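Presented below is the structure to which this report refers.
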Amino acid sequence: MAAAEAAVPAVPQSGGVGAGAPSGTVPVLFCFSVFARPSSVPHGAGYELLIQKFLSLYGDQLDMHRKFVVQLFAEEWGQYVDLPKGFAVSERCKVRLVPLQIQLTTLGNLTPSSTVFFCCDMQERFRPAIKYFGDIISVGQRLLQGARILGIPVIVTEQYPKGLGSTVQEIDLTGVKLVLPKTKFSMVIPEVEAALAEIPGVRSVVLFGVETHVCIQQTALELVGRGIEVHIVADATSSRSMMDRMFALERLARTGIIVTTSEAVLLQLVADKDHPKFKEIQNLIKASAPESGLLSKV
């Protein structure tokens, strides 16, 4: 490590920073605000892995609409310095997460390489109860086709499928990354968190399904709390009650979550008529999404 990346002074092994670190990992002290928690990361871990670790340790305390800087304690200077470019953990060290005193504007940029699609609980037993369910099935299927064309991972959940049935047959799950049962309303269950951690550089989740004010809302808020930008597809998302849907979308938009449409998402992902997959996406959206009763209730 460079001079500005000096290790933390040795601490007692009993309960100290270096205690119990698995083979192939490096002990690191993660500091945020008044807290300091010992943990470990793989040897050679860089900025992204450090951020993920901070989120796992302090995610419920972070305001993800703030910008943060990771700093490293440098013995040479006796204080923290900004994490050097290209930094990789090679020995025991001490890092901290520092919030900057500015608010971030959510820009909502989408790129295929940093995006995952979440399809939430589009199940057979919901068909009679959910408003305009046929329309959101149609749009959801279009989104999954677009994900296949663009090589975007898709995670699908099913709420208590033993009692509520599987995903409707109209939605083709060919090539999706995961189909998982759940009882928690939010899609952010341990298996989904593990899958996200395995996908490098995930910045955005495109979220759709049912119900807007329950599983969609709770999923979106948990993802934002973990530093992921969320795009909710309004024409592929509904509830049993249009009032519940409307107020959920309004609340989510106020938190900085992006409420958008399927066509906007797909065209934003290709971004350029010269994109090699543009023609396939263009064919997919040639017919506009259904202008159902959802339109006047957003």
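Quick caveat: nothing in here was measured; it's all calculated off a predicted structure. Residues take their numbers from the sequence shown, with the count starting at 1.
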Heavy-atom closest pair, residues I281 and G146: CD1-CA, 4.0 Å
Single-linkage hydrophobic cluster, 4.5 Å side-chain cutoff, V98 and V34 together: no
L49 with L29, same ILVMFWY side-chain cluster at under 4.5 Å: no
Residue pair R142 / L284: nearest heavy atoms and the distance that separates them: O-CD2, 3.4 Å
Can V69 and L83 be said to form a side-chain contact (heavy atoms from CB on, under 4.5 Å), step by step? CA-CA 8 Å; V69 171; L83 201 68; over 6 Å; no
Under 3.5 Å, side chain of S238 to main-chain N/O of K131, donor-acceptor pair present? yes
Spell out, yes or no, whether L164 and V179 are grouped together once hydrophobic residues are joined by side-chain heavy atoms under 4.5 Å, including indirect joins. yes
Closest approach of V154 to A147 (non-hydrogen atoms, all atoms of both residues): CG2-CB, 3.5 Å
How many angstroms lie between atom NE2 of H231 and atom OG of S204, to the nearest 0.5 angstrom? 4.5 Å
Can you see which heavy atom on T115 is nearest to which on T111, and at what distance? OG1-O, 2.7 Å
Check whether any side-chain N or O of E211 sits under 3.5 Å from a backbone N or O of R240 as a donor-acceptor pair, and report yes or no. yes
Check for me, please, whether V192 and L178 land in the same ILVMFWY cluster - side-chain distances under 4.5 Å, paths through other members count. yes
Between F117 and V156, does the side-chain contact (heavy atoms from CB on, under 4.5 Å) criterion hold? Intermediate values first, please. CA-CA 8 Å; F117 280 19; V156 178; over 6 Å; no
CZ (R127) with more than 12 external heavy atoms under 6.0 Å: yes
Pairwise side-chain contact, L57 with F32, heavy-atom cut-off 4.5 Å (strictly under): no
Between F30 and F54, is the ring centre distance below 6.0 Å? yes
Point-to-point distance, once rounded to the nearest 0.5 Å, from CD1 of I258 to CG of L207: 12.0 Å
S239 side chain to T212 main-chain N or O, any donor-acceptor pair under 3.5 Å? yes
Assign the ring pair F73 / Y80 to parallel, tilted or perpendicular, where the plane angle (0 to 90°) is split at 30° and 60°. perpendicular
Say whether, by atom type as modelled, one donor and one acceptor occur between the side chain of T237 and the main chain of A234 under 3.5 angstrom. no
Main-chain N/O of S186 paired with K184 side-chain donor or acceptor, under 3.5 Å: no
Taking all non-hydrogen atoms of both residues into account, name the closest pair between A236 and V139 and its distance. CB-CG1, 3.7 Å
Examine distances only and state if a side-chain atom of T219 and a backbone atom of M187 form a donor-acceptor pair shorter than 3.5 Å. yes
Could you grab the distance from atom CG of L144 to atom CG of L173, nearest 0.5 Å is fine? 7.0 Å
In one Ile/Leu/Val/Met/Phe/Trp/Tyr side-chain cluster, 4.5 Å: V214, F247: no
Please give me the minimum heavy-atom distance between V26 and R92, naming the atom from each residue. CG1-N, 3.5 Å
Just by modelled atom types, is the Q123 backbone N or O under 3.5 Å from a matching donor or acceptor in the E158 side chain? no
Quick one: NZ on K286 to CD on Q282, what's the gap to the nearest 0.5 Å? 5.5 Å
Could you tell me whether a side-chain N or O of E48 sits under 3.5 Å from a main-chain N or O of G201, the two making a donor and an acceptor? no
Can you tell me how far apart CD (Q145) and OG (S262) are? Round to the nearest 0.5 Å. 11.5 Å
Here the gap from M122 atom CE to T167 atom OG1, rounded to the nearest 0.5 Å, amounts to 8.5 Å
Under the side-chain contact (heavy atoms from CB on, under 4.5 Å) rule, what do L294 and I136 come out as? Steps first, then yes or no, please. CA-CA 9 Å; L294 295 172; I136 69 168; 3.6 Å; yes
Treating K182 as the side-chain partner and F185 as the backbone partner, does any N or O pair qualify as donor plus acceptor under 3.5 Å? yes
